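Some notes on the structure that comes next.
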Amino acid sequence: MPRPTGPALMEKLVALCKRRGFIFPASEIYGGINGFWDYGPLGAQLKNNLRDAWWRDMVEVPPLGPDGEPLQIVGLDSSIIQNPKVWEASGHVGGFNDPMVDCRESKRRYRADHLHVFLPSDGEGPGFAFVEGEADTALSKIKKAKRDRDQYRVTPLLSLDPAAYAGVIGPDTKEPGSLTEPRQFNLMFQTYVGATATQDNLAYLRPETAQGIFLNFKNVLDSSRVAPPFGIAQIGKAFRNEVTPRNFIFRSREFEQMEMEWFCHSSEAVKWFEFWSQARLQWWKDQGVQAERLILRTHERDELAHYAKKGAGTVDIEYAYPFTEPGHGELEGVAHRSCYDLTQHQEHSNKKLEFFDPQTRERYLPDVIEPAAGLSRGVLVLLADAYDLDESRPSPELLRLKPSLAPVKAGIFPLTKKDGLPEISDRIFRELRERYVVQHDIKQSIGKRYARMDEIGTPFCITVDHQTLEDQTVTVRDRDTGYQQRIATDKLTPFLAEKL
RNA sequence: GCGGGUGUAGCUCAGUGGUAGAGCUCCACGUUGCCAACGUGGUUGUCGUGGGUUCAAAUCCCAUCACCCGCUCCA
């Protein structure tokens, strides 16, 4: 059997993740809860490794800029719950709550504010609904009804009383009365701050970590001796009440983001937008993700988020997920948010957020380039990308994870559990565990132990055999090739240091 | 939220009204000693959950939850 693709691969992956302790359904013993997942021992380790790699490459050792000079990026860890006014200013309270209309006939769902209706001016006959910008079908229906366009006026669906929907034909149907009344979909989780649940202390769980960065822009500027162009980076949980959580951890309601807001002068925004688009794509390749499964996709004008309407636009770094291939799905977005967010917060808070450049004596709100990656999605990409099934191997199922990201770096085994071998392997284990995540396993046949390690993506297996008793060397087996080399026990730490 | 599918041991699944099963995994012992080896023995079940019909329900009915696929949505 070759490596499976599509739904078959997802099934294998979900099963492996559960069997070996990467990812479990949240609150499983109570029947689970839609859209939430728990990371098991290996999943937590893998996620932390990816998170640490990002933090290191963004905050501790940021990349070199186009001029070869190190970029300046500082870290932040802001609160999940903020003053609710934050989300009004950011546009999430207004724009995140789209009323939706369902069609009982065509089973389609529309954004209510995207629907308009041709209403008969004389009140005779049905109205014809259509999606904004797609009036053609409705017009041809009018022709079919032997009526004239001039006998109709166009009005937004939302301006009608829902009772009048009974006389409206849906965009994709022939008979009137199939549209439901608009229903509110609140994509932000609500909660209450304090013990009493009243409208006065309503608060929201953040739907993105970015706003915490904008809120602290001035604090960081005043405390950290940074000046544009510079970045503020943050990793943390975000929450969205998705209509349809789907595809394992790809779209869950609680997820983790790795976001960096890059503040720069608007005259340099395009340059930095292009820089970060390429830098971020390259970063994912550097994490071992196969280049041919990654693409950059530029957003169409009409799919841009409210904060990215102006400026250089948005580009997605997309991956060919098992459930999208041969198409792609989002992994990270690089957006030019212009100065939208800082402007909004400056207006709503009445606090000056401008940067003053003492060199040019210019006072301005910086533009923002935002590379925003999904950490949870990254874990899914690492797993899906690393998964391989090769029936010609003694251990067919394996994860070809990049060694530095693998949850376990090495398995340490005595070939047999006699002749003092376990004592030696235990000594090696105790030494290596000080620096690396390693596992000591003395049970069962050596083949089974290799197979178990392959399955969780452990790059190296160190085996103590009888020759070890004579010359203090062990075999080190490579996960991907099965190739074995003998290495002196006191050279194991440098060996791993070089490979990881 | 709509339509279709699935839900039985850790995993993969069989079981169409009458004692809860198989293979793999896992554990123990023995044999072996570099690739899921062999032998013997053993552990593991709210049959997704709740209700109903029945002398009797994994099986029939109703409701519900979760997952998968397709719509829809995705800042």
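Small disclaimer: the values here were computed from a predicted structure and weren't measured. So that the names make sense, note that chain A is the first sequence line, chain B the second, and so on, each numbered from 1. Atoms considered below: every heavy atom in the structure, side chains included; atoms not considered: hydrogens, waters and symmetry mates.
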Calculate the interatomic distance between [X] atom [atom1] and [N] atom [atom2]; express it in whole Å.
| X | N | atom1 | atom2 | value |
| --- | --- | --- | --- | --- |
| A:Glu325 | B:C69 | CD | P | 12 Å |
| A:Ile23 | B:G10 | CD1 | C1' | 17 Å |
| A:Glu28 | B:G48 | CD | C1' | 10 Å |
| A:Leu187 | B:U72 | CG | P | 17 Å |
| A:Lys443 | B:C27 | NZ | C1' | 8 Å |
| A:Tyr321 | B:C74 | OH | P | 18 Å |
| A:Leu115 | B:U72 | CG | C1' | 13 Å |

For [N], give its Watson-Crick or G-U wobble partner with both distances under 3.5 Å, or none.
| N | answer |
| --- | --- |
| B:G3 | B:C69 |
| B:G39 | B:C29 |
| B:U64 | B:G48 |
| B:A75 | none |
| B:G18 | B:C55 |

Go through the structure and list residues passing ring pair (Phe, Tyr, Trp, His ring centres under 6.0 Å) with A:His440, not counting sequence neighbours.
A:Phe429
Ring pair (Phe, Tyr, Trp, His ring centres under 6.0 Å) with A:Tyr450: which residues, sequence neighbours excluded?
A:Phe413
Assess whether a salt bridge exists between A:Asp385 and A:Lys402, defined as any Lys/Arg side-chain N lying under 4.0 Å from an Asp/Glu carboxylate O.
no
May I ask you to decide whether A:Asp465 forms a salt bridge with A:Arg486, counting only side-chain N to carboxylate O separations under 4.0 Å?
yes
With sequence neighbours left out, which residue pairs that include part of residues 317-326 of chain A fulfil the salt bridge (charged side-chain N to carboxylate O under 4.0 Å, His left out) condition?
A:Arg297-A:Glu318
Just the atom pairs and distances: protein N or O near nucleotides 63-68 of chain B's N or O, under 3.5 Å.
residue	atom	partner	partner atom	Å
B:C65	O2'	A:Gly31	O	3.3
B:A66	OP1	A:Asn34	N	3.3
B:A66	O4'	A:Gly31	O	3.1
B:C67	OP1	A:Asn34	OD1	3.3
B:C67	OP1	A:Gly35	N	3.3
B:C67	OP2	A:Asn34	OD1	2.6
B:C68	OP1	A:Phe248	N	2.8

Listing request: all ring-ring contact (aromatic ring centres under 6.0 Å, His included) pairs with a residue in residues 457-484 of chain A, at least two apart in sequence or in separate chains.
A:Phe460-A:Phe495
Quote, to the nearest angstrom, the [atom1] distance that separates [N] from [M].
| N | M | atom1 | result |
| --- | --- | --- | --- |
| B:C38 | B:U25 | P | 8 Å |
| B:U53 | B:C73 | P | 44 Å |
| B:G48 | B:A58 | C1' | 12 Å |
| B:C34 | B:C29 | C1' | 23 Å |
| B:A57 | B:U49 | P | 15 Å |
| B:C13 | B:G17 | P | 23 Å |
| B:A36 | B:C68 | P | 34 Å |
| B:A9 | B:U32 | P | 38 Å |

side-chain N/O A:Lys18 vs B:C11 OP1/OP2, d < 4.0 Å:
yes
Sugar-phosphate means primed atoms, P, OP1 and OP2; the rest is base. With that split, encode nucleotides 30-39 of chain B 5' to 3' as B, S or - using protein heavy atoms under 4.0 Å.
---BBBBB--
Only one of A:Arg377, A:Arg280, A:Gln257 forms a side chain to side chain donor-acceptor pair (under 3.5 Å) with A:Glu332, so which one is it?
A:Arg280
Evaluate the ring planes of A:Phe263 and A:Phe217, with Trp represented by its six-membered ring, and classify them as parallel (under 30°), tilted (30 to 60°) or perpendicular (over 60°).
tilted
Should the ring pair A:Phe323 and A:Tyr321 be called parallel, tilted or perpendicular, given that the plane angle runs from 0 to 90° and is split at 30 and 60?
parallel
Measure the shortest side-chain to side-chain distance between A:Val474 and A:Ile412 over non-hydrogen atoms and say whether it is less than 4.5 angstrom.
no
Donor + acceptor pair across side chains of A:Glu397, A:Tyr387 (<3.5 Å):
yes
